[in-house]
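Scroll down for the structure; my scribbles are underneath it.
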Amino acid sequence: QVQLVESGGGLVQGGGSLRLSCAASGFTFSSYTMGWFRQAPGKEREFVGTITWRGGSPYYADSVKGRCTISRDNAKNTVYLQMNSLKPEDTAVYYCAATRRSWLATTRDEYDLWGQGTQVTVSS
């Protein structure tokens, strides 16, 4: 069964940090580019960052650049999103996604597999 399961979300004060994890199963994780997206209430799901199948060349949205780091552990079939200096505008449901169709994928349409999401709430 193909599955992506996010964890690590929660309530954090502005300026704080969170580390999200996404555990993959049911497919060859090491062959997939992984991405993180987020969706705030009433807004479109937006790209946060992506990392290639080898773990190189992480690429980030301007809104999180310098505050977020994506990494992956192919031995554990897990991708991570470290978020620092969190702001109230980072409040959203965060989703991980996987694709083999693109080496560097920054749009929703490029991804085939999606997790259910984890809520991140940043208080002011």
Side-chain angles (χ1 to χ4, degrees):
Q1 182 183 0
V2 174
Q3 219 173 0
L4 292 172
V5 179
E6 300 93 338
S7 61
L11 174 64
V12 63
Q13 260 192 325
S17 299
L18 279 177
R19 188 196 197 201
L20 306 184
S21 300
C22 172
S25 60
F27 64 99
T28 308
F29 176 77
S30 59
S31 297
Y32 281 70
T33 287
M34 299 299 296
W36 285 96
F37 288 75
R38 66 185 182 185
Q39 189 166 15
K43 294 189 176 181
E44 295 287 316
R45 193 172 298 188
E46 65 173 3
F47 170 76
V48 174
T50 185
I51 188 167
T52 60
W53 62 277
R54 275 192 173 181
S57 305
Y59 182 82
Y60 304 95
D62 288 343
S63 57
V64 303
K65 199 173 293 182
R67 300 189 296 120
C68 289
T69 302
I70 295 177
S71 60
R72 66 189 294 163
D73 185 338
N74 286 346
K76 294 183 178 180
N77 289 353
T78 302
V79 61
Y80 306 96
L81 177 65
Q82 176 69 44
M83 303 188 293
N84 302 321
S85 302
L86 283 163
K87 306 174 183 179
E89 50 263 45
D90 294 318
T91 295
V93 177
Y94 283 71
Y95 300 88
C96 70
T99 182
R100 285 188 67 179
R101 291 188 283 130
S102 301
W103 176 71
L104 190 67
T106 62
T107 65
R108 289 179 58 181
D109 290 345
E110 295 176 274
Y111 287 87
D112 301 306
L113 307 176
W114 290 87
Q116 292 302 305
T118 185
Q119 176 71 46
V120 171
T121 303
V122 183
S123 63
S124 55

* Residues Lys65 and Asp62 bridged, charged N to O under 4.0 Å ->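 Yes, this pair counts.
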* Asked: Thinking salt bridges, do Arg100 and Asp112 make one under a 4.0 Å N-O criterion?
  ->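 Salt bridge flag = no for Asp112 with Arg100.
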Working to the nearest 0.5 angstrom, can you tell me the gap between [X] [atom1] and [Y] [atom2]?
| X | Y | atom1 | atom2 | result |
| --- | --- | --- | --- | --- |
| Glu44 | Gln39 | CD | CD | 7.0 Å |
| Ser30 | Asp73 | OG | CG | 11.0 Å |
| Tyr80 | Ile51 | OH | CD1 | 11.5 Å |
| Gln13 | Ser123 | CD | OG | 5.0 Å |
| Cys68 | Ile70 | SG | CD1 | 7.5 Å |
| Asn74 | Ser31 | CG | OG | 8.5 Å |

Looking at [X], I want to see if its [atom1] is surrounded by more than 12 non-hydrogen atoms of other residues, nucleotides or ligands under 6.0 Å.
| X | atom1 | result |
| --- | --- | --- |
| Gln116 | CD | no |
| Tyr59 | OH | no |
| Arg54 | CZ | no |

* To do: Give the C-alpha distance, both sets of side-chain angles, the deciding distance and a yes or no for side chain to side chain contact (heavy atoms under 4.5 Å, CB included) between Trp114 and Arg45.
  => CA-CA 12 Å; Trp114 290 87; Arg45 193 172 298 188; 3.4 Å; yes
* Partner of Val120 under side-chain contact (heavy atoms from CB on, under 4.5 Å), chosen from Val93, Leu18, Leu11 ->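 It is Leu18, the one option of Val93, Leu18, Leu11 that forms the side-chain contact (heavy atoms from CB on, under 4.5 Å) with Val120.
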Test item: [X] and [Y] side chains (from C-beta on) under 4.5 Å apart, heavy atoms:
| X | Y | value |
| --- | --- | --- |
| Arg67 | Asp90 | yes |
| Val64 | Arg38 | yes |
| Gln1 | Ser25 | no |
| Met34 | Phe29 | yes |
| Thr50 | Leu104 | yes |

Are the side chain of [X] and the backbone of [Y] linked by a donor-acceptor contact shorter than 3.5 Å?
| X | Y | value |
| --- | --- | --- |
| Thr118 | Ser7 | no |
| Thr33 | Ser102 | yes |
| Thr121 | Thr91 | no |
| Glu110 | Thr99 | no |

* Asked: Which heavy atom in Ser17 sits nearest to a heavy atom in Ser85, and how many Å separate them?
  ->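 Smallest interatomic distance, heavy atoms only, reads OG-N, 4.3 Å.
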* Asked: What heavy-atom pair brings Tyr111 and Ala105 nearest, and what distance separates the two atoms?
  ->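 In this case the closest contact between Tyr111 and Ala105 is OH-O, 2.7 Å.
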* ring pair (Phe, Tyr, Trp, His ring centres under 6.0 Å) partner of Phe37, the single match among Phe47, Tyr94, Tyr95 ->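 Answer to the ring pair (Phe, Tyr, Trp, His ring centres under 6.0 Å) test with Phe37 among Phe47, Tyr94, Tyr95: Phe47.
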Determine whether [X] and [Y] fall in the same hydrophobic cluster, where Ile, Leu, Val, Met, Phe, Trp and Tyr are linked whenever their side-chain heavy atoms lie under 4.5 Å apart.
| X | Y | value |
| --- | --- | --- |
| Val12 | Leu81 | yes |
| Tyr60 | Leu20 | yes |
| Trp36 | Leu4 | yes |
| Val5 | Val2 | no |

